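This is the structure I want to talk about, given as structure tokens.
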Amino acid sequence: MALKWWQKTVVYQVYPKSFMDTTGSGQGDIRGITEKLDYLKTLGVGAVWLTPVYRSPMVDNGYDIADYKSIDPSYGTMKDMENLIAEAKDRNIRIVMDLVYNHTSDQHAWFRESRKSRDNAKSDWYIWRDAKEDGAPPTNWRSIFGGSAWTWCEERQQYYLHTFASQQPDLNWENPQVRQALYDAANFWLEKGVGGFRIDAIVYIKKPKELLDGVPDGGDDMVNIHTMTANTPGILDFLREFKEKVFAGHDIFTVAEANGVGPEDLKHWVGENGIFDMLFEFSHTCLEFPEGEIWYKAEGYSPRLIPRLKACLSASQAATASDGWYPIFFENHDQPRCVRHFFPDEADPGAAAKAMAMTLFTLRGTPFVYQGQELGMDNVAWDSIEDYDDISSHGQYELAIQSGCSPEKAIRAVHRYSRDNARTPMQWDRGRQAGFTSGTPWLPVHEDYAMCCVEAEAQEETSVLSFYRRLSHLRREGNAAEVLQGGSYRELLPEREDIFAFCRKLRGRETFTFVNFTGKTADYDKELLEGAELLLGSMENACKGTLRPYEAVCYYRESETEVRSDENCRQ
Ligand code: NOJ
């Protein structure tokens, strides 16, 4: 079947607050994104996903929306947004908006009304419940950012539910008026010409009929709300309606954040009979959290992660072999930088970044690049929890301390997993504040910016940025492009604990990717590559059969007879 535009392109994720500031406010803005469209074009980007830019009190940097149909003044105006969509379109880039539909801000007019009384017109637009007899919250659920998932409201003398922060009350999707209001907002953006949607935290929209206590899983007598509400049966009915009233019939793509939807459920969610075009699932980014995402309990990096990473990636490739499609991603605004996530501390970040890039661009699926990933940007490690802005870092730190961890252990976990790792300003040049702002940036610029920035890397043939540009080109043009886009996937050397290797194949054309995830030289049988030519290597002078530490290579082979017979068939 012919591939759609979004299966052949590269998607770039922009975190607007940290991308480019044109006013000196210290925060990025929409005009800054427009200014950098030509840069994005050099990466072969065909769609840009913006994390939320709507009006918001910014308790969770925009994931707390106060009005779905307006732009936050710190980002600019609706005119700026329309201009961005138009300028992007001129460059064949589509703008993809983030729909945050599990919850709103507590400052949204809907919630302000809902909280006033038990009988106003929006009284059941959110999830309200009475206290337990002793006045305690209705259940022992812990919100994803820490603390109870229930907050008391004096006016109504009731608790309201929030999967995330208390300033992010959950909407009541059982109410058809709520659903219609959300569909209207999405349609408003479709009329503005957006090219798709990323749909936030969608697995939480349906709550169980009865809200019951769960078995505690931390040091605080609470249970993670995810365990109690994610993917509640009946959710697909809501989603089918969502598709019908919004997405159906538009030439856009949708990608849902669907934590916990495993390969076995995939067919209901994406593909021929599914709802979305793609979904983000996180099995490969949560490898260090076998018991749920509690940072202080994480296993930390160990070589044991590599076989698990390979298994997760191969499982997701298998799940979409005949139907459905995945986004391929190793970073986003909630994840640490991948050069630390999947590699030991001593790994050279440049080599690690290229190894990950090779994996990203040669697997089957649409590559999603997160801002700065193409430069090999690295994590930060600030001294005190007070230096961190990210709300979840504070929640996780508190939970660690409450559970008896020392402050040193608690801050180490924050260093490793804080979302601020990915949110430091984009590094454009060697000048003041890395060219991000003429003012004081809202988060400090990473100290490595003079070496790791667009200006330095654009001039350097062997830089991470140049490598990304080459990979993106290979995936879009030339003999290997079709294979890399649509070819089948077969894992090679599955027993190896150091090398991730796989083959892609389409009509007589094959690519072979080999990535060494360790700091040791790794040999493999070079016969596997007989007759194949090097397409791209992450280091100079690649040698068939041997990978240097963190080296990644991609080879190409064509079987003339198969290619010719296919061409004859197609004529
Ligand atoms: C997932 C988003 O990616 C994250 O940044 C946000 O904090 C939560 N959903 C809540 O909307």
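For ligands, and for the atoms within them, numbers begin at 1 and follow the listed sequence. Bear in mind the structure is a predicted one, so any value in this text is a computation, not a measurement.
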- No-hydrogen, no-angle side-chain donor-acceptor test under 3.5 Å, Asp98 and Tyr63: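 There is such a pair between these side chains.
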- Item | Any pair counted as salt bridge (Lys or Arg N to Asp or Glu O under 4.0 Å), so long as it reaches residues 51-72, sequence neighbours left out |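 Non-adjacent pairs meeting salt bridge (Lys or Arg N to Asp or Glu O under 4.0 Å): Asp60-Arg419.
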- Could you give me the CA-CA distance, side-chain angles and deciding distance for Phe329 and His284, then say whether ring pair (Phe, Tyr, Trp, His ring centres under 6.0 Å) is met? CA-CA 9 Å; Phe329 76 101; His284 66 295; 4.9 Å; yes
- Message: Closer than 4.0 Å to some heavy atom of Asp334 - which atoms of ligand 1 meet that?
- Response: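 Within the 4.0 Å cut-off of Asp334, ligand 1 contributes 1 (C), 2 (C), 3 (O), 4 (C), 5 (O).
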- Message: Using 30° and 60° as the class boundaries, would you call the ring planes of Tyr204 and Phe164 parallel, tilted or perpendicular?
- Response: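 Judged by the thresholds at 30° and 60°, the geometry between Tyr204 and Phe164 is perpendicular.
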- Query: Mind checking whether Trp325 and Trp6 have parallel, tilted or perpendicular rings, split at 30° and 60°?
  - Reply: perpendicular
- Query: Which ligand 1 atoms does Phe145 reach within 4.0 Å, using its non-hydrogen atoms?
  - Reply: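 Those of ligand 1 that fall under 4.0 Å from Phe145 are 7 (O).
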- Any idea how Trp128 and Tyr160 line up, ring-wise: parallel (<30°), tilted (30 to 60°), or perpendicular (>60°)? perpendicular
- Query: Which ligand 1 atoms does His333 reach within 4.0 Å, using its non-hydrogen atoms?
  - Reply: 2 (C), 3 (O), 4 (C), 5 (O)
- Residue Arg419 vicinity, atoms of ligand 1 by number, heavy atom under 4.0 Å: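 Per the distance check, 4 (C), 5 (O), 6 (C), 7 (O).
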- Task: Find all atoms of ligand 1 within a distance of less than 4.0 Å from any non-hydrogen atom belonging to Glu257, and give their numbers and elements.
- Result: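 Listed by number with element: 1 (C), 3 (O), 9 (N).
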- Can you tell me the protein heavy atom closest to atom 6 (C) of ligand 1 and the distance?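 For this ligand atom, the closest protein heavy atom is Asp60 OD2, 3.3 Å.
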- Out of curiosity, is Gln335 lining ligand 1, as in a heavy atom under 4.0 Å away? no
- Phe247 vs Phe276 aromatic rings, parallel, tilted or perpendicular, using cut-offs 30° and 60°? tilted
- How close does the nearest protein non-hydrogen atom get to atom 8 (C) of ligand 1, and which residue and atom is it?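 The closest one turns out to be Phe164 CE2, 3.7 Å.
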- Query: Is His415 reaching over with its side chain to a backbone N or O of Trp382, donor-acceptor style, under 3.5 angstrom?
  - Reply: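 Checking the backbone N and O of Trp382 against the side chain of His415, a donor-acceptor pair under 3.5 Å is found.
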- Is ligand 1 under 4.0 Å from a heavy atom in the side chain of His162, in the backbone, in both, or in neither? neither
- Item | Shortest protein heavy-atom distance from atom 9 (N) of ligand 1, along with the residue and atom involved |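 Going atom by atom, the protein heavy atom closest to atom 9 (N) of ligand 1 ends up being Asp200 OD1, 2.9 Å.
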- Under 4.0 Å from one or more heavy atoms of His103, ligand 1 contributes atoms 10 (C), 11 (O)
